[in-house]
Amino acid sequence: MTENTVKIFDTTLRDGEQAAGAGMTTPEKLEIARQLERLGVDVIEAGFAASSPGDFEAVSTIAKEIRKPTIASLSRAHPNDVDQAWKALQGAARPRIHVFLSSSDIHLMHQLRKNREEVMDMAVSMVARAKGYCEDVEFSAMDASRTEPEYLYAMLKAVIEVGATTINVPDTVGYSIPEEFAILLKNIQSNVPNIDKVTLSVHCHNDLGLGVANSIVAIQMGARQVEGCINGLGERAGNAALEEIIMGIETRKDFLGVSTNIDTTQIYRTSRLVSDITGFPIQPNKAVVGLNAFRHASGIHQDGILKERSTYEIMEPASIGWPGSSLVLGKLSGRAGLRARLDELGYHLELDDLDQAFEGFKILADKKREVTDRDLEALMSDQRRAVTESVSYTMNHVQVSCGDHEIPTATVQLTVKSITEGIDAIGEVTIRVQKGDRVYVGRGSDTDILVASAKAYLNALNRLLAMEEAKKVTVTGVPNP
Ligand code: KIV
Ligand code: ZN
């Protein structure tokens, strides 16, 4: 790792999950963590161990299996949180405890109801406690961008003295303007005398749509870790979108002069997986991963592209792993052809899974003339859902009847969209069911939209059950950061 390498810290499984309605089960989190490892992120924040048994289990499961990236657990500056974080991280190849504590007067006064000295003591003693367990300790001064600068400098200096190895500067409420954020980072470096002993990190929220811009400017000012979520998932308007930061660094390395450890060809697959699991669709005009990101519609642009791609394209679709659409499978395609195409799409299947996929493929190919990459993605998503639902209910058959004398027995709200094109297209349905104040997302796909709806409804119910089970004994009084 050189001083020109920027570490990518992914918090999709922690801050991303805080997006309303984006709850994930432990098997789903593990699957995302495996893909994040393929993507090459440096740190995965797997959860907030002390917040619930479900989060504890997710951190612990990921810590035991994922070997390459550092695995972090979030922790409030409370002794029990630090202890739980460390317990959940047992078995990790590279554990990190991430202690956070608010530093702004607004938070101190209205939320913590403590004075500056008390909060300073909590920060120092809890970083020291974490250090007693773990060499790698990150400290986040929550709401740093609205904190009185002298107090922030003093707090950062003090936690570094007791062993913090990464100092994170969050723009918690997405309030900063890039130029202002740059000044804050510059001032931290000139006023915190021991800051050169640690990795300087930023964590930007997107309330004003500036999360990525603030992260990039922070890199220019010397930050060497950026935190964010895939697809910009996260609390309120979300966190900075990691794929945008990564491709910004990659595409403009001439200007920024830094690089990452990321395999950018895994971006597309990671983005689709997160969208599929959380049920948060990707807007078509989303930078880097939106459906239209590499589509050229106007005549002048098409003319330019046909003559020379660089006229209107600053990134190659292949550089993010965008699947080419040249090879189309059909009824006569065999197992080897299917396996080769799935491999190219990034699905490396064991024999059993391949058998199952082939079965699904044959059924689909009977209904559809051509099976495209998007069809295969839908098929793999359905197969994944079937695996994670195997402990709950599965659907064998569905029949829908309606008429003017029938009384409906259930009402659901549906978002229906077609994944693939044509009259035999695969339709994808997203359903949200609400229980209490929690929303659970279910997705299903099929050539018949009603069957897809039934699958989605069942998927939502199964996820509700799995998450309720995991969160049964919720630790009280632990609000999300
Ligand atoms: O936004 C924030 O400040 C956070 C911290 C816990 C890092 O998510
Ligand atoms: Zn955050």
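We use all heavy atoms of the structure for the numbers below, so side chains are in, but hydrogens, waters and symmetry mates are not. Indexing begins at 1, ligand by ligand and atom by atom, following the structure's order.
- Taking every heavy atom of Pro170 and a limit of under 4.0 angstrom, the matching atoms of ligand 1 come to 3 (O).
- We find that Asp207 and Arg236 are joined by a salt bridge, their nearest charged nitrogen and carboxylate oxygen being less than 4.0 Å apart.
- Under 4.0 Å is where a charged nitrogen must lie from a carboxylate oxygen, and between Arg96 and Glu135 no such pair does.
- Salt-bridge check for Arg443 with Glu428: passed, with a basic side-chain N closer than 4.0 Å to an acidic carboxylate O.
- Glu37 and Lys68 are not joined by a salt bridge, as no carboxylate oxygen comes within less than 4.0 angstrom of a charged side-chain nitrogen.
- Of the heavy atoms in Thr172, both backbone and side-chain atoms come closer than 4.0 Å to ligand 1.
- Residue His203 approaches the Zn ion (ligand 2) most closely through its N/O/S atom NE2.
- Asp83 and Arg129 are joined by a salt bridge, as a carboxylate oxygen and a charged side-chain nitrogen come within less than 4.0 angstrom of each other.
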Under the salt bridge (charged side-chain N to carboxylate O under 4.0 Å, His left out) rule, what do Asp276 and Arg384 come out as? Steps first, then yes or no, please. CA-CA 10 Å; Asp276 188 48; Arg384 182 185 52 69; 2.4 Å; yes
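- Across His205, His203, Glu227, heavy-atom proximity to atom 4 (C) of ligand 1 is greatest for His203.
- For the Zn ion (ligand 2), the set of nearby N, O or S atoms under 2.8 Å includes one belonging to Asp15.
- Within the structure, ligand 1 lacks Gln18 among the residues with a heavy atom less than 4.0 angstrom away.
- A salt bridge links Lys286 and Glu243; the closest N-O separation between the charged side-chain nitrogens and carboxylate oxygens is under 4.0 Å.
- Remark: ligand 1 and Asp143 share no N or O pair separated by less than 3.5 Å (distance only, no angle test).
- Close contacts between ligand 1 and Met142 involve ligand atoms 3 (O) [criterion: under 4.0 Å to a heavy atom].
- When each atom of ligand 1 is checked for a heavy atom of Ser140 under 4.0 Å away, the hits are 7 (C).
- Within ligand 1, counting atoms from 1 as listed, the ones closer than 4.0 Å to a heavy atom of Asp15 are 8 (O).
- A salt bridge is absent between Glu468 and Arg438: the closest approach of a Lys/Arg side-chain nitrogen to an acidic carboxylate oxygen does not fall below 4.0 angstrom.
- Looking at ligand 1, you won't find any N or O of Asn168 less than 3.5 Å from one of its N or O atoms.
- Polar contact with ligand 1: present for Arg14 (N/O pair, distance under 3.5 Å).
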